[in-house]
Amino acid sequence: MTLRIYNTLTRKKEDFVPLAPPAVNMYVCGITPYDESHVGHGRAYVVFDTIRRYLEYCGFRVKYVQNVTDVDDKIINKSRELGIDSSVLATKFTQSFLDEMDKLNVKRADIYPKATEHIPEMIRWISGLVERGIAYQLADGVYFSVEKFPGYGQLSHRKPADNEAGARVGVDSAKKNPFDFALWKTAKAGEPSWESPWGLGRPGWHIECSAMSTKYLGEQFDIHGGGMDLEFPHHENELAQTEALTGKRPWVKYWLHNGFVTINKQKMSKSLGNFFTLKDIFSKFDPMVVRFFFLLTHYRSPINYSDSEIIAAGEGLNKIKQFISEIEFLIEHSTHEAPPLEVADMEEELTAFRDKFRAAMDDDFNTAGALAAIFELMKYCRQALAEGEREAGCLRLMRDVVVELTSVLGINLGSGKSQVVSGELIEELIDRRMSAKKDKDYKKADEIRQQLLQMGIIIEDTPQGTRWKTQT
RNA sequence: GGCGCGGUACCCAAGCGGCUAAGGGAACUGUCUGCAAAACAGUCAUUCGGCGGUUCGAAUCCGCCCCGCGCCUCCA
């Protein structure tokens, strides 16, 4: 079974064949750090992190680059508002973003290039485009001429002519075509600016991605990702600039776009004001539950955010955690090893579920299907447990496969025993409750249960003794 | 106006031409239990927005219609 990926460029699922396997170079559009990150950012980066993890699981060596747009209108306005330097603002929110990503168990990118640290590269790019007559200069900056690039529209499948009827584009009459976009913006008073052949100014938004992605990943690379809203105009423009200058096609082999997080079915965005920051959400919910919630839906579909859906997702995740802690408890209390032959049998049984997991992921990263495979795997294991499977080798295998598959999805199950109170105290109370139970002093036993509950500990009696876990 | 996505049980959500329409949550019944909890067993869509069509066969393909959403302006 080969990995198939939906490519926005062709609007089809295609077999994934990287340019130079096992290397896979991927670039994902990052944030503009002028405010706290919201749930939509969380979903986007969890999606691409999961894709990256799966590619690595398949044996690819992934180089992952994610830019930081640290100079643009929003940053300039916000820093002016706050009376601080734009670089201070950008640094602050970049850090805050990385902290939130850590909580979501998003692996760090290999490189986080910043726009402001690549001005010379961008100037070179713009110069190149001007020299070739693809870009032209106006009073307020340098523009890319979409008419000079016949391939314009190939990604978003729209032709400049199509949109004229909409009349919502460009009021800038000086531009030759309403779709022409700024490569360089002439500085206005008080803005951060850099020297260039076109005077003081700053780069336009799109050029940074062309300059930085190709600098770190080469003039052609495998995967370029981002939110659906970036497809047009951002990615279309990036593509136009890059192919116009390098002449190499395709610049990017696979374009991936994730669906939005919605609130009451409407896109969550800063401009609509209907967004939740990750900080808000994490004050109410475990970030791992939020990640799990995202993965319950295919990455290209919209996902509607609501507290009740997060809670429902939390119950599902809990089931997996419960399974692991139960297995671990049984391993601790297991008295004998399994014969190798039996372990081999178990291995074979479990492989069927691993295959199912992979088949789902191979089909355009169907995480919902992959999760279903994990639940089915657990169901199988539980039945074996119910039939009396107690041999350590088999138990370990069950645990290992579940942990293996969940970790491919970046779901960290934790140790399950990260409590504040000491384990000794808990064990002590459990022992006392056990003796109370032996004496049929159920009143006292229940009191101890209550006491533990107040410490956030839930206990469960099993034939192998009493287990405990922290309240969630 | 142009381009595009989606409507599957009470909720979420896979499936995209043919095995009994995955899986999760909620609910209900039973087993187990001092009580719990967890787990296990069972129940929960003769049907996939509607109407036609293609086909031996359609949730899956085609047409029309209804509804919801996105992009075309900064946006993950």
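Naming convention: chains lettered A, B, ... in sequence-line order (proteins, then strands); numbering from 1 in each chain.
Look at G18(B): its Watson-Crick or wobble partner, with both distances under 3.5 angstrom, is C56(B). The partner of G1(B) is C72(B), by the rule that a Watson-Crick or G-U pair needs both atom distances under 3.5 Å. In this entry A41(B) has U29(B) as its Watson-Crick or G-U wobble partner, both defining distances falling under 3.5 Å. Base pairing annotation: U46(B) forms no Watson-Crick or G-U wobble pair, as no partner gives both donor-acceptor distances under 3.5 Å. Taking a pair to require two hydrogen-bonding distances under 3.5 Å in either a Watson-Crick or a G-U wobble arrangement, G23(B) pairs with C12(B). With a 3.5 Å ceiling on both atom-pair distances, the Watson-Crick or G-U wobble partner of G63(B) is C51(B).
Base contact: Phe260(A) has a heavy atom under 4.0 Å from a base atom. Lys443(A) comes within contact range of no nucleotide atom at all, as no heavy-atom separation falls under 4.0 Å. Note on Val261(A): a base of the nucleic acid sits closer than 4.0 angstrom, heavy atoms only. Contact annotation for Ile459(A): base contact, defined as any heavy-atom pair under 4.0 Å involving a base atom. Contacts of Arg43(A) with the nucleic acid, taken as non-hydrogen atoms under 4.0 Å apart, are absent. Asn258(A) comes within contact range of at least one nucleobase, with a heavy-atom separation under 4.0 Å. Ala372(A) comes within 4.0 angstrom of a nucleotide base, judged by non-hydrogen atoms across all strands.
With hydrogens and angles left out, the side chain of Arg449(A) and the base of A36(B) share a donor-acceptor pair within 3.5 Å. Side chain Asp229(A) to base C74(B): no donor-acceptor pair is found below 3.5 Å. A donor N or O paired with an acceptor N or O is not found under 3.5 Å between the base of G4(B) and the side-chain atoms of Arg300(A).
The shortest distance between the side-chain N/O atoms of Gln383(A) and the OP1/OP2 oxygens of A41(B) is below 4.0 Å. The side chain of Ser306(A) places no N or O atom within less than 4.0 Å of a non-bridging phosphate oxygen (OP1 or OP2) of C12(B). At the phosphate of C71(B), OP1 or OP2 sits under 4.0 Å from a side-chain N or O atom of Lys267(A). The shortest distance between the side-chain N/O atoms of Asn366(A) and the OP1/OP2 oxygens of G15(B) is below 4.0 Å. In this model, the phosphate group of G34(B) is not approached by any side-chain N or O of Lys437(A) to a distance below 4.0 Å at OP1 or OP2.
Between the side-chain ring of Tyr442(A) and the base of G34(B), a stacking contact exists by the 5.5 Å and 30° definition.
To the nearest whole angstrom, the two P atoms, one in A45(B) and one in G23(B), are 14 Å apart. Taking the P atoms as reference points, G53(B) lies 16 Å from C48(B), given to the whole Å.
The side chain of Thr297(A) lies closest to A13(B), out of A36(B), A13(B), A76(B).
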Checklist entry - Can Glu328(A) and Arg399(A) be said to form a salt bridge (charged side-chain N to carboxylate O under 4.0 Å, His left out), step by step? => result CA-CA 8 Å; Glu328(A) 265 165 2; Arg399(A) 177 196 59 193; 3.6 Å; yes

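The nearest whole Å value for the distance from the OH atom in Tyr6(A) to the P atom in G4(B) is 10 Å.
Residues Tyr299(A) and Phe48(A) keep their aromatic ring centres 6.0 Å or farther apart.
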